[in-house]
S.K.: 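Structure incoming, see below.
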Amino acid sequence: MNLPAEPISDTATRGDPEQTWLLRLYVAGSTPRCVAALTRLKEVCEAFFPGNHRIEVIDLLDHPELAERDEILAIPTLVRQSPLPIRKIIGDLSDIHNVLAGLQTPTSRPSKPS
Amino acid sequence: MTAQNKQPVGRVAKAPSGIRGLDEITFGGLPQGRPTLVCGGAGSGKTLLALEFLARGAIEFDEPGLFVGFEETAEELSANIASLGFDLEKLVTAKKLYLDHVKFDHVHTVEAGEFDLEGLFIRLGRAIDLIGARRVALDTIESLFARLPNPVVLRAELQRLFRWFKDRGVTVVMTGERGGGLHTRSELEEYVSDCVIKLDHRVVDGVSTRRLRIVKYRGSAHGTNEYPFLIDDSGISVLPITSLGLEQQVSYERISTGIPRLDMMLGGEGYYRGSSILLSGTSGTGKSTVAATFADATCRRGERCLYLAFEESKSQIIRNMRSIGLDLEPWTVSGKLRFVPLRPASSGLETHLNSIHRQVGEFQPDAVVIDPISSFMHSGSPIEAGNVVLRIVDFLKSRQITAVLTNLVAGGTPEKATDLNISSLIDTWLLLREVELGGERNRVIDIVKSRGMAHSNQMREFRLTDQGIELVDVYRGSEGVLTGSMRLAQEAKELASGERLLAEVERKKSLLDSKRRLTMSRIDALRLDFETEEQEIQAAIEEAEQRKDSLKRERVEMSVSRGADHTENVDQPNDLESSQDQTVRQRDPS
């Protein structure tokens, strides 16, 4: 699977209308780790904020200047742009507990995506 | 440079730091295209060293530099280095320097799975490409350990990072906080095996001293001592002991000591220009006077003399010298002579060194007097003080400045014991001492050594008169230095003892002669004894032989007379028989 070069958005209508989750995923090329992170992110979003989220994928190989601007060291890094405050989750998102803890999902719903 | 050099090409390429003294002790700079670790405690000057390496690289060697701060912000950095007199803004604008401050918000960061530091690589790669950086400073990458949750990943990534830097051929200086026992807290030295520099800032007896040491430098010779270094408005300066190397120029020109008879003692012409002279002696032996006389002579030649006085003020020295007819005041007025009072304990040794460097740079003297160098002992340990004196002497030599150093020796210690261990660097060493004899106290002067000249081995009595210093011949014999009537008495005594010695020799000669004769006659008697004995033994041997033959014959006759069986072996069984016979026969007569 190849990651799209342009930021992609994935929005739906269900969920809390006031809270749109803006999640930015920083990758460097289409490494297995980055691909896996995006797949898992999509799963999490579908499970927890269906229709209420936006995912942006930024490839630092295409935009190297963003590494300094956005203070990105680790790849992949997921940044919760909104709701504030900004939170960062580093890694390929394989540790789902830490992903949820890092995102601080509004309710600790038990529905664990496989 | 070393025999066990593992480099394929004999020599390690070096990136000159431009930092005063550092390139001398590293024989050319830091390893080019390789990482160097600079470690030290808080406030030891690590960041400054890294920054200066970049700034000088950009200014002096046309090698743009990237500074990556992991702790200080860019503003803090600018303020930090502004104190060094480098205009960072200008360098940044000219794209000679890139300052990057890496923030890492570890509080709001969670680790959820595997990651690498590709983001950092991309970031550094972009900055390097932007300015064509040849040098990179990482200050201090160690702080990542505290902020990133996974040290295993971090170590692997740092290894990758240094390989990546090597591939790019950039020279890297990274700083590291010193931890207990090890060089750095996070054992950064694991990654950096090429060059490790250790900085140290300690306060000894209330005096701050900074030290630098090259812990290792793979594939290159380097100075191994701890070198003091200074941070002042022109940056860091390391003060190596022997920065002058062997290509130092020597002068054949001789200059007067200001004391004609002392000139005579020193091969007739005085000191060599640019040499270093040590005047050591206990209190009150006239060290300062000899030094001041030289200062006067320097000014008389129309040259400049810098007088660094530790214990006395300028006015005190001028007053004291007037009492022996030496007026130094006109020289201070005409600017030929400059007094600089130094307070021994008021500052660290490095500060003294620095101020001496500055004074010499300003005044451009032909000669320098330091009175006394033993005062450096108050500012540090004897070894440190000795090192500082070595450096001063070295520095002055490299500038062809004649240095006269006085050294106060504590009473009761052997005069030649210089606490400072500097005698090897001294060209001319004069020893001043007091001799108490025959109810008088006299000063004597003696040349312990004077390189490169035929100098007198005689002591001289020296007197401080109101006409200055006057040297008088003294008697030097086995029982010390004598003057006047004592000298005459000693000479007579020695003459008498000389005659006795002659008579003794004659007596021993005749004794030897008679002993020889006695020995010879003993040898003759022994030989005679031996010959007699020899004859006797010889006779006994012959007799025994004859007897053996006759025994054999008898045995045969006997067996014949007994009618022994001739088929039997004649020899073997008969042997036993015959021996029995023999014993029987021997017993028979008794």
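Chain identifiers are assigned alphabetically (A, B, ...) following the order of the sequence lines, protein sequences preceding nucleic acid strands; residue numbering begins at 1 within each chain.
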S.K.: Just give me the residue among B:D116, B:L117, B:L120 that pairs up with chain A most often, heavy atom to heavy atom, under 4.5 Å.
M.R.: B:D116
S.K.: Side chain, backbone, both or neither: which part of A:I86 has an atom under 4.5 Å from a heavy atom of chain B?
M.R.: backbone
S.K.: Heavy atoms only, distances under 4.5 angstrom: which of B:L130, B:L124, B:I122 has the most pairs with chain A? Name it, please.
M.R.: B:I122
S.K.: I need the residue from B:G113, B:A127, B:G125 with the largest number of non-hydrogen atom pairs under 4.5 Å to chain A.
M.R.: B:G113
S.K.: Taking NZ, NE, NH1 and NH2 as the nitrogens, is one of them in B:R123 or A:E71 under 4.0 Å from a carboxylate oxygen of the other?
M.R.: yes
S.K.: Using a 4.5 angstrom heavy-atom cutoff, name the option from A:N98, A:L60, A:I75 with the most pairs to chain B.
M.R.: A:I75
S.K.: Answer yes or no: is there an ion pair linking B:D194 with B:K216, defined by an N-O contact shorter than 4.0 Å?
M.R.: no
S.K.: Tell me, for A:R87 versus chain B, whether the close heavy atoms (under 4.5 Å) come from the side chain, the backbone, both or neither.
M.R.: both
S.K.: Are any of the side-chain nitrogens in B:E157 or B:R160 under 4.0 Å away from the carboxylate oxygens of its partner?
M.R.: yes
S.K.: Under the 6.0 Å and 45° cation-pi test, does B:R56 pair with B:F61?
M.R.: no
S.K.: Is the cationic atom of B:K14 (NZ for Lys, CZ for Arg) positioned less than 6.0 Å from the six-membered ring centroid of B:Y217 and within 45 degrees of its normal?
M.R.: yes
